[in-house]
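Heads up: the structure comes next, in structure tokens.
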Amino acid sequence: QQQVKQSPQSLIVQKGGISIINCAYENTAFDYFPWYQQFPGKGPALLIAIRPDVSEKKEGRFTISFNKSAKQFSLHIMDSQPGDSATYFCAASGGGADGLTFGKGTHLIIQP
Amino acid sequence: NAGVTQTPKFRILKIGQSMTLQCTQDMNHNYMYWYRQDPGMGLKLIYYSVGAGITDKGEVPNGYNVSRSTTEDFPLRLELAAPSQTSVYFCASSYSSSSGQGGGNTIYFGEGSWLTVV
């Protein structure tokens, strides 16, 4: 059972455009929703995270939008740059000791 | 401050061989994890530990074993390697101040260990 569904699997965006990645979850006990960024040959690193008590969180060019009733959240990358090219994972946690449940990842390519 | 360090970076195993992936962290984190990453499948939890002497199974524990004798170290043992264990393995750690409350805390990952079983 896939508890966090992520789309699209891959995404190509022109430099300066907006990249949008979507995730949906099933478990209503989830209360922490991070996004991780992974460059080739490296481990994932935390990019931005949100809790369900707010509908949006912005850090620089990165914004998470959260819709609790729809059980969906998304990552928006404004003014996308070639250096943003990476794999992005959404994840969710319900406060248990077993860490995060990850989506399958989105391979983002920003074309110059 | 090295963070989470994994060794080896790359390894080729023959079917039926055994090996241990080493993981150590210097952040004094109480929680540690092992994930495997397969193409297009995201990261799946193999085992986790909430402190020295305590380990528990994750989503995909079959074929693996772990131990946690110290706060810093969390080795992953592969017994009787199989081609299905060809993957990239990530060790990770986090800190939680409340027992059983691992969520909401940043998880820090190592750089990964690429394992091929032939």
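Values in this document were obtained by computation on a predicted structure and should not be read as measured data.
- Contact annotation for B/Phe109: both backbone and side-chain heavy atoms come within less than 4.5 Å of a heavy atom of chain A.
- Contacts between B/Tyr47 and chain A at a heavy-atom distance below 4.5 Å are absent for every atom of the residue.
- Proximity of A/Leu100 to B/Ile107: side-chain heavy atoms (C-beta onward) are separated by under 4.5 Å at one or more points.
- More than 12 heavy atoms of other residues, nucleotides or ligands lie within 6.0 Å of CG in A/Leu46, so this atom counts as buried by the packing criterion.
- Connection of A/Leu47 to A/Ile21 is established within a shared hydrophobic cluster, with ILVMFWY side chains joined at heavy-atom distances below 4.5 Å, either directly or through further cluster members.
- B/Phe10 and B/Val118 fall into different hydrophobic clusters, where Ile, Leu, Val, Met, Phe, Trp and Tyr are joined by side-chain heavy atoms under 4.5 Å apart, directly or via other members.
- B/Leu13 is connected to B/Ile15 through a chain of hydrophobic side-chain contacts under 4.5 Å among Ile, Leu, Val, Met, Phe, Trp and Tyr, so both are in one cluster.
- Highest contact tally toward chain B, considering only A/Ser10, A/Ala92, A/Gly41, A/Pro34, is held by A/Gly41 [criterion: heavy-atom pairs under 4.5 Å].
- With a 4.5 Å cut-off on non-hydrogen atoms, B/Leu43 touches chain A through its backbone and its side chain both.
- A distance of 6.5 Å separates NZ in A/Lys104 from NZ in B/Lys44, rounded to the nearest 0.5 Å.
- The two atoms that bring B/Thr106 and A/Tyr36 nearest to each other are C-OH, 4.2 Å, heavy atoms only.
- Sparse packing is recorded around NZ of A/Lys15, with 12 or fewer heavy atoms of other residues, nucleotides or ligands lying under 6.0 Å away.
- Both the backbone and the side chain of A/Pro44 come within less than 4.5 Å of a heavy atom of chain B.
- In this structure, the side chains of B/Met41 and A/Phe102 stay at 4.5 Å or more apart for every pair of heavy atoms.
- The shortest distance between side-chain heavy atoms of A/Lys42 and B/Phe90 does not fall below 4.5 Å.
- In terms of non-hydrogen atom pairs under 4.5 Å with chain A, the most contact-rich of B/Gly112, B/Gly40, B/Pro39 is B/Gly40.
- More than 12 heavy atoms of other shown residues, nucleotides or ligands fall within 6.0 angstrom of atom CD in A/Glu59.
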Practice problem: Any chance you could lay out the side chain to side chain contact (heavy atoms under 4.5 Å, CB included) test for B/Gln37 and A/Phe89, step after step, and finish with the verdict? | Solution: CA-CA 12 Å; B/Gln37 182 177 23; A/Phe89 293 96; 3.0 Å; yes
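- No path of Ile, Leu, Val, Met, Phe, Trp and Tyr side chains, each step under 4.5 Å between heavy atoms, connects B/Leu78 with B/Leu45, placing them in separate hydrophobic clusters.
- Cluster annotation: B/Tyr64 is not connected to B/Tyr31 through the hydrophobic network of ILVMFWY side chains, with a link wherever side-chain heavy atoms come within less than 4.5 Å.
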